[in-house]
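Below is one structure, written out as structure tokens; comments come after it.
Only a predicted model underlies this, so the values are computations on that prediction, with no experimental measurement involved. Counting starts at 1 for both ligands and their atoms, in listed order.
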Amino acid sequence: MAFKDDFAWGVATSSYQIEGAAYSDGKGLSIWDMYCKQPNKIYGGQNGDVACDHYHKYKEDVQLMKKMGIKAYRFSICWPRILPNGIGEVNKQGLEFYSNLVDELLKNDIEPYVTLFHWDFPYELYKRGGWMNPDSPLWFEEYAAVVTDQLSDRVKYFITFNEPQCFIGLGHVVGVHAPGLQQSVADTLQMAHHVLLAHGRAVKTIRQHAKQDVKVGYAPTASMHYPATNGPEDIEAARKSIFQMPKTMEGNWAWNVSWWSDPVFFGKYPEDGVQLFGELMPKIKEGDMEIISQPLDFLGQNIYNGMQVRQDENGQIEFVKRYDGFPKTALNWPITPETLYWGPKFLYERYKKPIYITENGLSCHDVVSLDGKVHDPNRIDFLHRYLVELKRASTDGVDIAGYFQWSFTDNFEWHSGYEDRFGLVFVDYNTQERIIKDSGYWYKKVIETNGEIL
Ligand code: GCO
């Protein structure tokens, strides 16, 4: 059997990208609220103030999911919506929103997967140094406890962090995401260490506070390279290329797998990274690595693309140049379905945990056609190709527990604003009307047949 009977066929979103209601019902500010106010940061000067207005339209949205046969919904919680200052006073109305959403999902047989952090960091805590502050792991622990107390009677699946590679790398190294800073390697390594500690503390807290047997995981990202041929040398080169650390500190050091996943699963930083960073290494206190490596139930991994790799004549890793006219998405991301075979395979070999693909998808230039429908054959073709590869991985014995398509609806794509459409559901931002795209109906068939039609 290719996919397990209880395979979690899902869709994913994140709070800032869909909720809107940025200033409603006692919500505090996040760094994304503030970042979007700065000139020339976001495409067209756009922001998430209204986004898909999911905060008000969540019931309608759950009905759309039901219509599409969705079995699992991965969403994130806006930390300052429930703790306006990040710690301390709890905003009841904010909690209620998520509680109602969970009820609505369960009523419609959709399993909620809650991500604690998908980048909308509380502005009040940012003013106190954000992830640079050694107290930040404790802040996150407090937040995790509030969420678990409120939701774990009904929610079984929790994910701590989404893509630390991005909110540290793009937010603090490259500076193209909130808070838009370019900080030193030493500082960002220290922040990363705090994020990892926050992760570990949250895992512990979720288990302590949970009202039922819960499953806890993590959702990093990075490129998933794949071999040029099935020869053992090329396969080994691809494997190495995924887990090696960058050779230099130039550019975005945070864009890698091992720095973020080895500490979590093995309780230690990867040796090549320790060598590379030398005296820039963060301060590691006694007991830190133990906190960071709390046992997890699963690895979530966001996979979009990767490079083709082979071993050259000298036995070195060589990234194969893409041919002219290589397939790409509307955002110019390469289309590399093989990443959904080799990525899970290599990750499973190394970390030995059940894997959820917590995100995978593409942006297309979707339009509403004369017939009132949204025809997106490119998305169907993309998803089909990728899912065939995932199926192959599953058939080959990789323990794959679920797949979440990014994204449920079109939404606020960070610095690209609303220019790029990632949804299975089209959103008209003037009217907030939703239209299920052809790909949404296609995905429904995939789900109904548990992937038989792939
Ligand atoms: C990410 C985030 C999502 C994005 C999606 C498309 O991977 O960057 O998790 O929030 O919207 O990946 O870029």
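Summary of contacts: the protein heavy atom closest to atom 9 (O) of ligand 1 is E359 OE2, 2.7 Å. Closest protein heavy atom to atom 10 (O) of ligand 1: Q17 OE1, 2.6 Å. For atom 11 (O) of ligand 1, the closest non-hydrogen atom on the protein side is E413 OE1, 2.6 Å. When hydrogens are left out, the protein atom nearest atom 7 (O) of ligand 1 is E163 OE2, 2.5 Å; that is the closest non-hydrogen contact.
Classified by interplanar angle (parallel below 30°, tilted 30° to 60°, perpendicular above 60°), the ring pair Y73/H54 is perpendicular. Between F97 and Y58, the angle of the ring planes goes over 60°, which puts this pair in the perpendicular group of the 30/60° scheme. Classified by interplanar angle (parallel below 30°, tilted 30° to 60°, perpendicular above 60°), the ring pair Y113/Y157 is parallel.
The minimum heavy-atom distance between I168 and M191, with the atom names listed, is CD1-CB, 4.0 Å.
Within the structure, ligand 1 has W333 among the residues with a heavy atom less than 4.0 angstrom away. Heavy-atom distances between T221 and ligand 1 stay at or above 4.0 Å for every pair.
Polar contact check, S14 against ligand 1: no nitrogen or oxygen pair lies under 3.5 Å apart. In terms of N/O distances under 3.5 Å, ligand 1 is approached by Y304. Not a single N or O atom of W119, backbone or side chain, sits closer than 3.5 Å to an N or O atom of ligand 1.
Residue-ligand proximity, W406 to ligand 1, at heavy-atom distances under 4.0 Å covers atoms 3 (C), 4 (C), 5 (C), 6 (C), 10 (O), 11 (O). Listed by number with element, the atoms of ligand 1 under 4.0 Å from a non-hydrogen atom of F422 are 6 (C), 13 (O). For ligand 1 and W414, the ligand atoms under 4.0 Å from any heavy atom of the residue are 3 (C), 4 (C), 10 (O), 11 (O).
Between F7 and W9, a ring centre-to-centre spacing shorter than 6.0 Å is recorded. Within the 6.0 Å centre-distance limit, the rings of F422 and W333 are counted as a close aromatic pair. The ring of H415 has its center no closer than 6.0 angstrom to the ring center of Y43.
Tested against F161 for a ring pair (Phe, Tyr, Trp, His ring centres under 6.0 Å), the candidates F121, W260, F140, Y143 yield a single pass: F140.
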